[in-house]
J.: 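I'd like to ask you about the structure that follows.
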2 protein chains.
Amino acid sequence: MTRSEENYLKTIFHLGGGDSKSITTNAIAEQMETKPSSVTDMAKRLSEKGLVDYVRYQGVSLTDAGVKTALSIIRKHRLWEVFLVKKLDFTWDEVHEVAEQLEHIKSEKLIDKIDELLDFPKYDPHGDPIPTKDGKFQERDEKLLSEIPINSQGVCVGVKDSSVPFLKFLDKNKIALGNTIKVMDKEDFDNSLRIQMEGKEMRISHQIAANLYVKKND
Amino acid sequence: MTRSEENYLKTIFHLGGGDSKSITTNAIAEQMETKPSSVTDMAKRLSEKGLVDYVRYQGVSLTDAGVKTALSIIRKHRLWEVFLVKKLDFTWDEVHEVAEQLEHIKSEKLIDKIDELLDFPKYDPHGDPIPTKDGKFQERDEKLLSEIPINSQGVCVGVKDSSVPFLKFLDKNKIALGNTIKVMDKEDFDNSLRIQMEGKEMRISHQIAANLYVKKND
DNA sequence: ATTTAAATTTAGACAAAACTAAAAATAGAT
DNA sequence: ATCTATTTTTAGTTTTGTCTAAATTTAAAT
Ligand SMILES: [Mn+2]
Ligand SMILES: [Mn+2]
Ligand SMILES: [Mn+2]
Ligand SMILES: [Mn+2]
């Protein structure tokens with residue numbers, strides 16, 4: 001497994017190619033900021049190795065072996081992110097870039113020990129579930145904040161957009177995972193919300209609410 | 001800086017190319033288990049980038065920039081080794097291989113935080129000094145156990161050979177860094193030593209003694 | 001059923017990093 | 001000073017991974 005192959009598998013998985021859904025070379029190219037022709041080349045290589053099913057002009061999907069590999073990379077990525085935040089005081093907007101490198105380190109013992117050191121976390125700093133060694137996800141009944149009704153409330157458990165600007169915005173506004181948020185009111189005009197969080201009331205735009213996952217607690 | 005370039009710089013440094021001493025392509029090739037012709041190619045590339053001085057048929061030596069880069073890789077390598085032993089319970093014979101990968105992770109903040117987490121160690125698990133951020137070594141007055149006189153004693157502070165078999169041999173015989181060793185007697189015939197260590201007496205071959213560094217404490 | 005636009009693949013090139021085999025330079029021995 | 005064995009470099013190939021430009025296929029619109 002080369003680093004590049006691993007990155008392709010991970011991207012295909014994130015685009016939904018794990019459920020035998022066909023992902024177009026264009027979609028992969030856009031996600032990876034590369035050219036479609038490069039993706040075609042890699043699709044052939046990965047197909048050759050039995051990691052993806054590739055049909056010309058149709059797209060690729062992951063084989064079982066491909067899914068397994070993708071999940072192991074994602075597991076490593078998310079565990080390293082937790083490590084960086086919990087043990088080295090990185091902020092949640094700093095970890096992704098470094099984890100992109102660390103996820104390719106090859107040592108089963110290393111990642112198992114990191115897992116143990118962190119006491120087997122179930123979610124990464126952005127609320128994304130960490131696959132277990134045998135590739136199982138911790139599924140969670142979560143909804144976007146923008147989609148729960150007025151007067152209901154929930155705990156903030158994840159972000160949909162985990163870009164640096166969004167994460168920094170959340171920090172600035174003291175919105176953090178674990179906070180309990182209650183939807184007080186919705187503004188029809190722009191879909192903005194009036195919410196109550198940790199005692200304080202504030203107004204947030206639809207764009208923000210549509211990128212925050214909450215777990216309803218009633 | 002590619003991974004391969006970094007590995008070449010590190011190797012050249014270890015072979016003594018840091019003191020403007022010229023290292024032959026053959027020596028580098030042997031050390032890296034590659035072919036001399038490949039080394040020549042890389043010598044040109046590194047020379048082009050100003051990291052080594054290369055004279056055809058003579059060899060290469062590191063420029064100041066080359067030394068600086070080499071030291072930063074070595075620093076990372078040794079800090080990661082300490083991390084693996086101290087925080088993840090790796091044994092000293094397991095760490096090198098993983099550190100060979102981790103040393104190439106690019107994040108100044110990461111390695112500084114690891115340094116801090118470990119409380120700024122001065123030596124790695126094999127007793128090798130860890131360069132500081134600004135490339136200074138912690139020099140130590142150490143001698144090979146085979147070279148100190150009868151009846152003198154010292155603390156075991158490092159290994160010259162850090163191959164897996166040697167390290168495992170030391171473990172098996174309960175020889176560890178930090179142990180105090182006294183040379184009782186030398187056998188002229190085969191240069192083997194009778195030593196006293198942590199209360200017990202034992203006999204060790206010249207080959208062992210010639211690969212253990214001690215710091216004389218008188 | 002054509003035509004056309006968009007998506008996708010092919011062909012050809014390039015860079016990094018390695019290799020083998022052949023050529024060239026160096027150093028040691030006569 | 002010449003020969004020779006060794007070291008080192010060059011030339012030409014290979015693999016991985018990328019790119020551009022051209023060709024091809026697909027899908028949508030007339
Ligand atoms: Mn991430
Ligand atoms: Mn994440
Ligand atoms: Mn090492
Ligand atoms: Mn070491």
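Residue numbers start from 1 in every chain, and the chains themselves are labelled A, B, ... in the order their sequence lines are given, proteins ahead of strands.
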J.: Atom CD of A:Glu48 to atom C1' of D:dG17: distance rounded to whole Å?
T.: 16 Å

J.: In whole Å, what is the span from the CG atom of B:Asn7 to the P atom of C:dA16?
T.: 17 Å

J.: Using the side chain to side chain donor-acceptor pair (under 3.5 Å) criterion, which residues pair with B:Arg140? Sequence neighbours excluded.
T.: B:Glu142

J.: Please give, in whole Å, the distance from C:dA15 P to B:Arg3 CZ?
T.: 23 Å

J.: Figure out the NZ/P separation between B:Lys35 and D:dT7, and round it to whole Å.
T.: 14 Å

J.: Is the phosphate of C:dT9, meaning OP1 or OP2, less than 4.0 Å from a side-chain N or O of A:Thr40?
T.: yes

J.: From D:dT8, D:dG17, C:dT9, pick the nucleotide closest to the side chain of A:Glu5?
T.: D:dG17

J.: What integer distance in Å separates A:Leu51:CG from D:dT16:P?
T.: 14 Å

J.: Is there a donor-acceptor pair closer than 3.5 Å between any side-chain N or O of B:Lys76 and the backbone N or O of B:Ile105?
T.: yes

J.: So if I apply the side chain to side chain contact (heavy atoms under 4.5 Å, CB included) rule between B:Asp115 and each of B:Leu79, B:Thr132, B:Val82, B:Leu110, which one comes out positive?
T.: B:Leu79

J.: So for atom CD, which belongs to A:Gln138, do other residues, nucleotides or ligands contribute more than 12 heavy atoms lying within a distance under 6.0 Å?
T.: yes

J.: Quick one: on DNA chain C, does B:Asp41 or B:Lys49 contact a more 5' nucleotide (nearest heavy atom)?
T.: B:Lys49

J.: Taking only side-chain nitrogens and oxygens of A:Ser38, does any of them come within less than 4.0 Å of OP1 or OP2 of D:dC19?
T.: yes

J.: Select base, sugar-phosphate, or nothing to describe what A:Ser4 touches, counting heavy atoms under 4.0 Å on all strands.
T.: sugar-phosphate

J.: Which is true for B:Thr25 with a 4.0 Å heavy-atom rule: it touches a base, it touches only sugar-phosphate, or it touches nothing?
T.: sugar-phosphate

J.: Could you tell me whether B:Tyr123 and B:Tyr213 have their ring centroids closer than 6.0 angstrom?
T.: no

J.: Check if the side chain of A:Ser37 and the base of D:dT20 share a donor-acceptor pair of N or O atoms closer than 3.5 Å.
T.: yes

J.: To the nearest angstrom, how far is A:Asn26 atom CG from D:dT26 atom P?
T.: 15 Å

J.: Nearest to the side chain of B:Lys44 - D:dT9, C:dA17, D:dT10?
T.: D:dT10

J.: Could you give the CD1-to-C1' distance, from A:Ile28 to D:dG17, as a whole number of Å?
T.: 15 Å

J.: Where the side chain of A:Tyr57 is defined as all heavy atoms beyond and including C-beta, which of D:dT24, C:dA18, D:dT9 is the nearest nucleotide?
T.: D:dT24

J.: Taking the minimum atom-to-atom distance to the side chain of B:Met42, which one of C:dC19, C:dA18, D:dT9 wins?
T.: C:dA18

J.: A:Tyr8 has an atom OH; how far is it from atom C1' of D:dT16, in whole Å?
T.: 11 Å

J.: Using a cut-off of strictly less than 4.0 Å, decide whether B:Arg56 has a side-chain nitrogen or oxygen near OP1 or OP2 of C:dT26.
T.: no

